Amino acid sequence: MADLWQEAMDHAVAVARKAGEIVRHAVHNDMKVLCKSSSVDLVTKTDQKVEQLIIDSVKEKFPKHGFIGEESVAAGEPCVLSDNPTWIVDPVDGTTNFVHGAVFVLLFQLEFGVVYSCIEDKMYTARRGKGAFCNGDPLQVSDQKEINQSIIATEFGSNRDPEVVDVIFSNMRKILCLPVHGIRGAGSAAINMCMVASGCVEAYYEIGIHCWDIAAAAVIVEEAGGVLMDFEGGPMDLMSRRIIAANNKTIAERIVNEIKAYPAIRDDAPL
Ligand code: LIP
């Protein structure tokens, strides 16, 4: 019997490679940078072109599948999961890195995750119940249980409201003073989460991200043996704009005890 999920995942890998070529080409040529919600929330013509490429190619192959795409939502499309399989697509995760010269591409479908770090040519893949891989090699989270022997990844995001910035710094201060070995940030939620899956860092947390920043890598983290948690300790809610991804429950709960969230509008809030 045909394995439709495998077919969809193979398609995602193929289209990610094509998208990677476009992104790599753009890095070495002029890129047109536009602003979205603010002067630090960036989008490029490449983000839009890559998202269209992905949507067109998936629609052709799987006409009944739904989409949530970062740039389509920015253009007014609803951000809701349909009853049909839904692809959650971030064409370039880490757009600010891209504008400054380093790039990542990310794709997702609810049953599997594909994150392509195209400059490094690292293809991260995972399918529910079948493990997580980078370029075909299995991924496994770190077995560290002591927070003070851990490295934590986080980001500043694109919200520059002084009260929000205060919460971000206060959270970082608390985590640093535990103390932890260090705080890192790759400039891409997806890559931070792939670092958790690879065992390079023990955990990643962020407030203000969107479902398309984390959806693909969420499957990759879980399939590498990690856990996803909400800031209040329950299961992660994909639409809640906050996430803790960790190597195990002990580290995730330790982070829950230290950090607080700020009010964020949900991704699926009515327009
Ligand atoms: C970005 C994230 C990054 C986060 C930014 C932004 P984009 O995604 O991956 O980690 O801090 O707020 O959401 O906008 O480059 O796709």
Side-chain angles (χ1 to χ4, degrees), residues 1-23 46-73 75 77-94 103-118 121-139 188-191 193-194 197-198 209-226 228 236-239 243 245 267-268:
M1 206 173 77
D3 183 343
L4 292 179
W5 289 128
Q6 194 56 46
E7 216 179 292
M9 182 162 156
D10 291 345
H11 188 74
V13 170
V15 78
R17 286 204 193 282
K18 262 194 214 156
E21 275 167 34
I22 297 176
V23 171
T46 308
D47 296 52
Q48 293 162 340
K49 187 173 167 187
V50 168
E51 183 162 315
Q52 205 50 54
L53 165 94
I54 296 165
I55 292 180
D56 289 349
S57 88
V58 175
K59 267 191 182 151
E60 200 184 325
K61 198 160 169 61
F62 306 101
K64 291 198 175 137
H65 288 192
F67 288 93
I68 293 176
E70 175 171 17
E71 306 318 328
S72 314
V73 172
E77 295 279 325
C79 183
V80 283
L81 293 167
S82 72
D83 291 338
N84 289 327
T86 304
W87 295 63
I88 302 182
V89 176
D90 189 342
V92 178
D93 187 49
V103 187
F104 311 105
V105 174
L106 161 139
L107 309 175
F108 173 74
Q109 208 287 341
L110 287 171
E111 280 296 312
F112 59 81
V114 173
V115 172
Y116 184 35
S117 178
C118 65
D121 194 21
K122 286 187 177 171
M123 183 70 77
Y124 297 90
T125 55
R127 194 177 152 194
R128 287 248 174 259
K130 296 197 184 276
F133 301 87
C134 178
N135 291 347
D137 295 328
L139 297 175
S188 154
I191 295 299
M193 291 170 75
C194 288
S198 311
I209 38 86
H210 295 275
C211 58
W212 47 80
D213 297 317
I214 57 173
V219 186
I220 296 171
V221 168
E222 287 189 319
E223 285 301 316
L228 305 169
M236 179 210 60
D237 171 350
L238 191 60
M239 296 293 170
I243 188 171
D267 273 332
D268 56 0

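FYI, the numbering just counts along the sequence from 1. Excluded from the calculations below are hydrogen atoms, water molecules and symmetry mates; all remaining heavy atoms, backbone and side chain alike, are included. The shown structure was predicted, so the numbers you read here are calculated from the model rather than taken from an experiment.
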What are the two closest non-hydrogen atoms of [X] and [Y], and how far apart are they?
X: V73; Y: P78; answer: CG2-O, 4.2 Å
X: V89; Y: F67; answer: CG2-CD2, 4.4 Å
X: A218; Y: M236; answer: CB-CE, 4.5 Å
X: A16; Y: Y116; answer: O-CD2, 3.3 Å
X: A132; Y: A224; answer: CB-N, 3.8 Å
X: H11; Y: S57; answer: NE2-OG, 3.2 Å

Any sub-3.5 Å donor-acceptor pair from [X]'s side-chain atoms to [Y]'s backbone N or O?
X: Q48; Y: E71; value: no
X: D268; Y: M239; value: no
X: T86; Y: N84; value: yes
X: D213; Y: H210; value: yes

Side chains of [X] and [Y], heavy atoms from C-beta outward: is any pair under 4.5 Å?
X: C134; Y: C194; value: no
X: L238; Y: I88; value: yes
X: D121; Y: R17; value: yes
X: I243; Y: M193; value: yes

Approximate separation, where rounding is to 0.5 Å, of [X] [atom1] and [Y] [atom2]:
X: I68; Y: D267; atom1: CD1; atom2: CG; answer: 8.0 Å
X: K18; Y: C118; atom1: NZ; atom2: SG; answer: 15.5 Å
X: I191; Y: K122; atom1: CD1; atom2: NZ; answer: 8.0 Å
X: D137; Y: Y124; atom1: CG; atom2: OH; answer: 11.0 Å
X: I214; Y: D90; atom1: CD1; atom2: CG; answer: 11.0 Å
X: C211; Y: D237; atom1: SG; atom2: CG; answer: 10.0 Å

Fill in: Over 12 non-hydrogen atoms of neighbours within 6.0 angstrom of CG in N135
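Yes - once you tally the heavy atoms of other residues, nucleotides and ligands closer than 6.0 Å, there are more than 12.
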May I ask you to decide if the ring planes of W87 and F62 are parallel, tilted or perpendicular, using 30° and 60° as cut-offs?
->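 Because their plane-to-plane angle lies in the 30° to 60° range, the rings of W87 and F62 count as tilted.
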Q. Applying the side-chain hydrogen bond (donor to acceptor under 3.5 Å, both in side chains) test to R127, which of E223, E111, Q6 qualifies?
A.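 The single option meeting the side-chain hydrogen bond (donor to acceptor under 3.5 Å, both in side chains) with R127 is Q6.
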